[in-house]
Number of protein chains: 2
Amino acid sequence: MDEQNIPDIVVSRLPRYLQVLQRMYHENQQTTSSQELARKLGLSAAQIRKDLSQFGEFGKQGTGYSIRFLIDQLQSILKVNHGWEMALVGAGDLGHAIARYQGFSNRGFCIRVIFDNDPEKIGKDINGITVDDISHLEERIKDLGIKIAMLTVPSPAAQAVAERLVQAGIQAILNYAPVPLSLPPQVYIQNIDPIIHLQHMTFYLE
Amino acid sequence: MDEQNIPDIVVSRLPRYLQVLQRMYHENQQTTSSQELARKLGLSAAQIRKDLSQFGEFGKQGTGYSIRFLIDQLQSILKVNHGWEMALVGAGDLGHAIARYQGFSNRGFCIRVIFDNDPEKIGKDINGITVDDISHLEERIKDLGIKIAMLTVPSPAAQAVAERLVQAGIQAILNYAPVPLSLPPQVYIQNIDPIIHLQHMTFYLE
DNA sequence: CCCTGTGAACCAATTCACAGCT
DNA sequence: AGCTGTGAATTGGTTCACAGGG
């Protein structure tokens, strides 16, 4: 299970496996098969078996997989069995919505600090967290040892703020600004831009 | 340029090309090269040339690509040169943030209707659009001929609302609920779930 | 010289098909 | 019979390297 040997495309599917497994678990299902998972996810059964087999032998011939056990394994592989503390930078509409979202905690994450540069917002409370002045960004993130940040600042500010986050020790950034960030290669970046998804679909429309 | 012959993975990169090209255009740059684009996007130059060559010969040897011309071509390929009208279903925090987002119009989209089932929200105005009762969903979407919907309802409601959208003639859904939708294959679905991205990155952390 | 477009070569990912266990 | 795990085969994607035009 050495991180270097696992194709990234396999890793990218694991969170989706975990998502449907947790759903099944909450519906009190005990076991499943590669076939059932494949159907729910729109993949092939062979692919799911191959993906999982990269990390160990989690199934039983004839029976399939124990859902509980597979969830534990995937959480451990993805390192989401201990809630990661995150920083949220940007308390605009989107930042607000994310800060108030209740779905992080049971999937391995929680928001620990929120930053903004707007005096109107600094000091306000969102979901139990006081919005902090962005000038405290480096200090606070270092003190708390936070490794993950979500970036919801206006596009023109994104690159500069991202660089400050890296300075502060952030190792993974979920970037909501529709600009590609240019950062040292050891920093992991994921982008969320709804318009990219919309344009992907319009290619096939009409 | 027949839609069926183009690998989906190529299509998925075109919106990102368009995004950086539009950015360069706004910075008054006239021409670019596959190399420059590759650097900005973190891809290889050969890949960008191959991708674009699927749709025509847009570049000039020795000179590279005219940014303006390439933008026009990509917009036409992705069919984002005429603003698509969209429905937004779910006017909670996230729906609110999306409705107030100003970045749709210059990338080929606009929100035309917003639905919710909460009497508190129905009738309220968000960014110039009056929130409509979700019971009018089918009627309104059919009347307006809307083909694209964004779904920001609570997870338990997502599947049922999605089915109603399909009934109403929706052909593409951008789903923000963290559940995989099960819909007829002719409906295009894209999912946005921040936690999937976060879990993808935590695999590589520590 | 610089850069595109592209067949050929290479590499990666998925599917097949079956041995082996329940 | 049912299902996993896995080499082998196949399919798909990316990179190489170069001809040819500016």
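A, B, ... follow the sequence lines: proteins, then strands. Residue 1 opens every chain. Just so it is clear, the model here is predicted, and its values are computed rather than measured.
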Choosing from C:dC3, C:dA13, D:dT6, which nucleotide comes nearest the side chain of A:Pro7? C:dA13
Picking from D:dG5, C:dG5, D:dT4, the nucleotide nearest the side-chain atoms of A:Glu57 would be D:dG5
In whole Å, I'd like the distance from the CG atom of A:Asn5 to the P atom of C:dA13. 13 Å
Within the 4.0 Å heavy-atom criterion, would you say B:Ile9 contacts the bases, only the backbone, or no part of the nucleic acid? sugar-phosphate
Rounded interatomic separation in angstrom, taking NZ from B:Lys60 and P from C:dG5: 10 Å
Parallel, tilted or perpendicular: ring planes of B:Tyr188 versus A:Tyr204, cut at 30 and 60 degrees: parallel
Hey, is the side chain of B:Lys50 pairing donor to acceptor with the base of C:dG7 inside 3.5 Å? yes
Are A:Val80 and A:Leu18 packed together at the side-chain level, in the sense that at least one heavy-atom pair is separated by less than 4.5 angstrom? yes
Look at the side-chain N and O atoms of A:Ser44 and state whether any lies under 4.0 Å from the OP1 or OP2 oxygen of C:dT15. yes
Could you tell me how far apart A:Leu52 (CG) and C:dT15 (P) are, to the nearest whole angstrom? 15 Å
What is the distance, rounded to the nearest whole Å, between atom CZ of A:Arg49 and atom C1' of C:dA17? 10 Å
Using only side-chain N and O atoms of B:Tyr65, determine if any of them is under 4.0 Å from OP1 or OP2 of C:dG5. yes
Write down the distance between CZ (B:Phe69) and C1' (C:dT4), rounded to a whole number of angstrom. 14 Å
Check whether B:Asp116 reaches the backbone of B:Lys121 with its side chain - one donor and one acceptor, N or O, closer than 3.5 Å. no
Between B:Arg13 and D:dG13, is there a contact of a side-chain N or O with OP1 or OP2 at under 4.0 Å? no
Measure CG/A:Leu43 against P/C:dT14 and give the value in whole Å, please. 9 Å
Donor-acceptor contact present, side-chain B:Thr32 to main-chain B:Ile67, <3.5 Å: no
Is there a side-chain contact between A:Ser34 and the phosphate of D:dT4, meaning an N or O under 4.0 Å from OP1 or OP2? yes
Determine the interplanar angle of the A:Tyr101 and A:Phe104 rings, folded into 0 to 90°, and report it as parallel if under 30°, tilted if 30 to 60°, perpendicular if over 60°. perpendicular
Between A:Gln47 (CD) and C:dT14 (C1'), how many Å, whole number? 6 Å
Whole angstrom value for the distance that separates P of C:dT4 from CZ of B:Phe55: 17 Å
By nearest heavy atom, map B:Gly62 and B:Ala46 onto DNA chain C; which one lands nearer the 5' end? B:Gly62
